[in-house]
Undergrad: 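If you scroll down you'll find the structure; I have some questions about it.
Order of appearance sets the numbers: ligands from 1, and atoms from 1 within every ligand. The chain is numbered in sequence order, starting from 1. Computed over heavy atoms, backbone and side chain alike; hydrogens, waters and symmetry mates excluded.
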Amino acid sequence: MRKTYPAEDLARDQRFRRARMEERLADPRNKAVRERRRSPGKLTPDRRDAADGARQMMHGIFVGEIQALEGAGRTVWDFDDTEAPFALKLDMARQCWDEARHTEISVKLGEWMGTEIGEFSETTFLYEAACNPDPVLRLTGVNRALEGLAIDVFNTMREFGKSSGDPVLSFCEDWMLADEVTHVKMGSDWLRRLTENDPERRARALEFQRVVDKLFSFGGFRGERDENPIQLARKFRRMAGFADSEIDEISVLSDEALEEVSR
Ligand SMILES: [Fe+2]
Ligand SMILES: [Fe+2]
């Protein structure tokens, strides 16, 4: 029986537009690319591209929610109980329910913000990270790295909703943020549990997390400076089982990525 499901075969209707990561970065609406030499800057209501930026971010969240649902669902199915404990699968099943709800919220929120499905393209990086043959690497790549990023994104968008006077946006982001903290915490807890007596496997899993984190710090996209569009959410990451040293590491990585594009 097939145990992994290729990203190309994921079910999408004709509204969706699939793109490769390189194509997405070359989208002319992406200011970070247009102004390759300058950092993209924090998303604030007074920016001329604030509405476009917020809608693009929301569309990215929407497709991320679908893939998080698909990825967590795969983890319930792909492993027997010796490879992934039943309690882990129960956590992933709960996550599926949350992500399905987030998908619905995101569609409605996208409409509220004036966007529609397919206005921006979809890359399948999140789902691909959820195809790793080792469930522990799925937990670090998806639950800790990408959903950790989701914590930063939701918190940033929640703040943007507040500063732009949009209570619907900040309310929805706040609810989804609460769930994401739980998903990241599941990743942190299961990583510790499953690698308690296997330091090599833990090291491999954390290295995978670092690779994914680095990729998504591209061009200073996420960090703690004003230039970073997505702000690192220290408080919520702590609640999700991140040690301060781990958050510091992501911050340094982001600074390096920002300096690389400023050169
Ligand atoms: Fe979600
Ligand atoms: Fe999630």
Undergrad: Tell me which N, O or S atom of Glu65 sits nearest to the Fe ion (ligand 1).
TA: OE1

Undergrad: Assess whether a salt bridge exists between Arg101 and Glu104, defined as any Lys/Arg side-chain N lying under 4.0 Å from an Asp/Glu carboxylate O.
TA: no

Undergrad: Mind checking whether the Fe ion (ligand 2) has an N, O or S of His183 under 2.8 Å?
TA: yes

Undergrad: Would you say Glu147 has an N, O or S atom lying under 2.8 Å from the Fe ion (ligand 2)?
TA: yes

Undergrad: Do Glu249 and Arg210 sit within salt-bridge range, that is, some charged N less than 4.0 Å from a carboxylate O?
TA: yes

Undergrad: With the threshold set at 4.0 Å, does a side-chain nitrogen-carboxylate oxygen contact exist between Arg94 and Asp91?
TA: no

Undergrad: Between the Fe ion (ligand 2) and Glu99, which N, O or S atom of the residue is the nearest one?
TA: OE2

Undergrad: Restricting to N/O/S atoms, is Asp179 within less than 2.8 Å of the Fe ion (ligand 2) or not?
TA: no

Undergrad: Does the side chain of Glu122 come under 3.5 Å of the side chain of Gln67 through a donor N or O and an acceptor N or O?
TA: yes

Undergrad: Report the angle formed at the Fe ion (ligand 1) by atom OE2 of Glu180 and atom ND1 of His102, rounding to the nearest 10°.
TA: 90°

Undergrad: Say you draw a straight line from CD of Glu70 to OG1 of Thr103; how long is it, rounded to the nearest 0.5 Å?
TA: 8.5 Å

